[in-house]
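A short write-up of the structure that comes next.
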Amino acid sequence: MNGITKETFDSADKETQLRILFDYQHGTHENINKILELLKAHPGNCDDRFKKLENMKMKNTALSAIMGLIGGFSAMVAKLKLWG
């Protein structure tokens, strides 16, 4: 916990414990703010990736539909030739 052991923290007086907890909370808050700033600086990157994923989804759906039609047609032709 912030560079000290639990035993050291427990043996400290209340004022020291509060200072340690405040320092830890302050450091966590600063780290969260840094992450938020990084996310704000690059909003376009996520949008581009989401658009690419949506385009891939549409392409995959279209390809699946085409291949399904080809497979169904092939099955009908094979059925007519073999049992026809």
- What's the spacing between Thr8 OG1 and Ile20 CD1 if we round to 0.5 Å? 8.5 Å
- Message: Is there a side-chain contact between Lys52 and Met56 in this structure, where contact means two heavy atoms from C-beta onward sitting under 4.5 Å apart?
- Response: no
- Between Glu30 and Lys34, is there a side-chain N and carboxylate O pair less than 4.0 Å apart? no
- Output for pair (Leu63 CG, Met58 CE), nearest 0.5 Å, gives 13.5 Å
- Query: Taking only residues two or more places apart in sequence, or in another chain, which ones meet Glu54 in a side-chain hydrogen bond (donor to acceptor under 3.5 Å, both in side chains)?
  - Reply: none
- Message: Could you tell me if Asp13 and Thr16 have a donor-acceptor pair between their side chains, going purely by distance under 3.5 Å?
- Response: yes
- How many angstroms lie between CG in Leu21 and CZ in Arg19, if you round to the nearest 0.5 Å? 12.5 Å
- Separation between CD1 (Ile32) and NE2 (His29), nearest 0.5 Å, reads 7.5 Å
- Task: Can you sort out the partners of Gln17 under side-chain contact (heavy atoms from CB on, under 4.5 Å), two or more places apart, ordered by chain and number?
- Result: Phe9, Ala12, Lys14
- Query: In terms of hydrophobic clusters joined by side-chain contacts under 4.5 Å, are Tyr24 and Leu18 together?
  - Reply: no
- Message: What I want to find out is whether Lys6 reaches Asp10 closely enough, with some N-O distance under 4.0 Å, to be called a salt bridge.
- Response: yes
